[in-house]
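Quick caveat, the model's predicted, so the values are computed rather than measured. Just follow the structure's listing: the first ligand is 1, and inside any ligand the first atom is 1.
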Amino acid sequence: MYRVARPVLKPLTSNLFGGFGGPLLTLNRSKRFYSSKFPSEIELDGQTFKTDEWTNVPPYILELTKRQLHQDVNHPIGILKELVETTFKDMGYTYYNDFKPLVTPFQNFDVLGFPQDHPGRSKSDTYYLNKDYLLRTHTSAHEHECFQECKTPGYFITADVYRRDEVDRTHYPAFHQLEGARLWSQEDEDWELQMLKDIAAIPQTDIIVEDPFRENKTFNSENPKQDYMTDRQCELASLHLKKTIEYLVNQVFENARISAKLAGSTEEYLNEPLKVRWVEAYFPWTSPSWEIEVWWKGEWLECCGCGVVQNQVLRNSNLGEHKFGWAFGIGLDRIAMLLFGIPDIRLFWSLDERFKNQFVQGRISTFAPYSKYPGIKRDVSFWLPPDSQLHVNDVMEIIRSKGGDLIENVTLIDEFLHPKTKKTSQCYRINYQSMDRNLTREEINKIQEGVEQELIENFNVKIR
Ligand code: FA5
Ligand code: MG
């Protein structure tokens, strides 16, 4: 989501956008929406926050902040995190796992150079407790403090992150990221020798790498080197970054392969060499920047954004003029879905013993579905008032708030503008399905009524 600034004034079209987050109806933040329902104070981690016109974090999201799945060594997310940490043991990294999800807009956006009008800052994309506090949307929110505090050449951060987003099999409003970073100093006379040594220390892999941006093609006018670095510094930092991520990806996916084979799987992909490719990207706090994609079971999977850290971030962290290095942020949930064969991202949050008992520390095992319960499909259709502030993510949120994890996915299936009245009509299809039991018509009817009521009260829609 932070790779490209999304268009700001997008007419509502069907919900078929790639990337993370639906279309934006408007970014007008002066108008209040969906905030009348919040109490005057909310509590998180024993702290009290006065709500204001920015408040949009519902109680069920605050509950999720207590789960800390990455700290559970017997949970797929925790197992994956440990696998990465073990991989980089003794290679100069400090591990941070305890950062609380509450951060300031300064930490999440300002210090990283997000422009004021970046869509990521809006209430439609981010959960705010109030104008001064939000739930971090990425682990990069802690780069600033880690750069200040870290005593080793590099660090890794694992944490839960939160985004208002679509509702489907691969999107959940809470997920996990692992951030890595590493620095060198221009003041170190032997910086080049040190970097070459550090690069050589990363174990070789058999992974097939497609990278049109290697060595002397590391940067260009579209994806530039920063002026304060020499060409060589930028090239070597980029090479160390890419080799580090390739090694990480290799260890994770090779481990998954070994486990799958041990479990008796004979699928064809298990014998193909692992393949990755690098594509150019943009993040406000790195330059040059890339993303890595992994070829897995016939598809390119985007799993990590990265780049050479912008000097301004390091200077803001009191590191002076002469440090340089890289950072990356990898999403853990989608990788864990592939590794453990987990078909729906909701399952990570399941408290059902039949889920939890399948996983143990240090092992990548394949999830055995305990049942497949039938789903129920329902539509919600309504007319929007003419100057509506309703964002697709607001509808998603209301449905998620009312239906919880019974919501398998939600799609905007129809939308049109009435030529005479100039009113817009929208229809959302909700698929209800439980991971662990059968649903009753009565409970679904109750949720549907609740969703409609909420839409009427908060957005003045007319149900059709
Ligand atoms: C970021 O969040 C940047 N902070 C990454 C970064 C760090 C860049 C350091 C440069 C330097 P992005 O929004 O693309 O970037 O998310 C990174 C990864 O998180 C994605 O590749 C994806 O694997 C995962 N991810 C993003 N959104 C979701 C989501 N809604 N559900 C599950 N995984 C997600
Ligand atoms: Mg991305």
Side-chain angles (χ1 to χ4, degrees), residues 1-6 17-22 64 69 77 80 103 107-109 111-114 118-120 125-127 135-144 146-147 154-183 223 237-238 241-242 244-245 248-249 252 276 278-294 296 300-310 313-314 325-339 342 344-349 393 396 400 409:
M1 136 179 182
Y2 298 132
R3 176 169 43 135
V4 279
R6 269 179 284 148
F17 282 65
F20 309 120
L64 294 180
L69 302 181
I77 301 290
L80 175 54
V103 298
Q107 291 173 289
N108 202 79
F109 301 120
V111 79
L112 296 169
F114 276 66
H118 192 286
D125 285 35
T126 296
Y127 289 111
L135 298 181
R136 69 181 153 231
T137 63
H138 56 172
T139 40
S140 304
H142 300 289
E143 279 190 11
H144 178 62
C146 288
F147 278 133
Y155 60 77
F156 280 179
I157 309 164
T158 309
D160 42 327
V161 301
Y162 298 82
R163 293 184 193 176
R164 296 184 89 213
D165 218 328
E166 300 154 59
V167 177
D168 66 26
R169 213 172 57 75
T170 59
H171 289 83
Y172 201 77
F175 59 101
H176 300 82
Q177 286 187 341
L178 188 147
E179 188 100 359
R182 179 134 187 156
L183 297 181
N223 199 17
S238 306
L241 165 66
K242 288 175 173 176
T244 301
I245 297 174
L248 187 160
V249 166
V252 166
V276 300
W278 288 98
V279 296
E280 288 187 311
Y282 170 77
F283 299 99
W285 64 100
T286 54
S287 190
S289 310
W290 302 275
E291 283 182 329
I292 189 172
E293 300 180 339
V294 180
W296 183 253
W300 286 110
L301 171 80
E302 179 213 311
C303 64
C304 174
C306 65
V308 177
V309 181
Q310 288 275 9
V313 177
L314 302 173
W326 53 252
F328 70 75
I330 191 162
L332 293 181
D333 303 62
R334 290 180 191 160
I335 293 178
M337 285 175 76
L338 299 179
L339 295 190
I342 292 168
D344 191 305
I345 198 166
R346 282 179 291 166
L347 276 162
F348 288 130
W349 301 87
N393 283 351
M396 299 284 170
R400 189 82 92 172
N409 60 57

Enumerated ligand 1 atoms positioned under 4.0 Å from heavy atoms of [X]:
{"X": "F328", "answer": "7 (C), 9 (C)"}
{"X": "C303", "answer": "21 (O), 23 (O)"}
{"X": "F283", "answer": "8 (C), 10 (C), 15 (O)"}
{"X": "S140", "answer": "4 (N), 7 (C), 9 (C)"}
{"X": "D165", "answer": "30 (N)"}
{"X": "G331", "answer": "18 (C), 19 (O), 23 (O), 24 (C)"}

Please report the interatomic distance CZ(F147) to CG(L183), rounded to the nearest 0.5 Å. 4.5 Å
Heavy-atom nearest option to atom 19 (O) of ligand 1, drawn from E143, H171, Q177: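 Nearest heavy atom to atom 19 (O) of ligand 1 lies in Q177.
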One residue to check: S289. Relative to ligand 1, which of side chain, backbone, both or neither has a non-hydrogen atom less than 4.0 Å away? neither
Could you tell me whether E302 approaches ligand 1 through its side chain, its backbone, both or neither, with non-hydrogen atoms closer than 4.0 Å? both
Kindly write out the residues that satisfy salt bridge (Lys or Arg N to Asp or Glu O under 4.0 Å) with D344, not counting sequence neighbours, or none if the list is empty.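 For D344 the salt bridge (Lys or Arg N to Asp or Glu O under 4.0 Å) partners, ignoring immediate neighbours, are R346.
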Salt bridge (Lys or Arg N to Asp or Glu O under 4.0 Å) with R182: which residues, sequence neighbours excluded? D198
So is [X] touching ligand 1 or not, going by heavy atoms under 4.0 Å?
{"X": "T286", "answer": "yes"}
{"X": "E291", "answer": "yes"}
{"X": "W285", "answer": "yes"}
{"X": "T170", "answer": "yes"}

Kindly say whether [Y] contributes a backbone atom to a donor-acceptor pair with the side chain of [X] at under 3.5 angstrom?
{"X": "E179", "Y": "S140", "result": "yes"}
{"X": "R136", "Y": "D160", "result": "yes"}
{"X": "Q177", "Y": "T139", "result": "yes"}

Could you point out which residue of W285, Y162, F283 forms a ring-ring contact (aromatic ring centres under 6.0 Å, His included) with H138? W285
Using side-chain heavy atoms (C-beta onward) and a distance below 4.5 Å, is F175 in contact with R163?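 Yes, their side chains come closer than 4.5 Å.
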Parallel under 30°, tilted from 30 to 60°, perpendicular over 60°: which one fits the rings of Y172 and W349?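 Y172 vs W349 ring planes: parallel.
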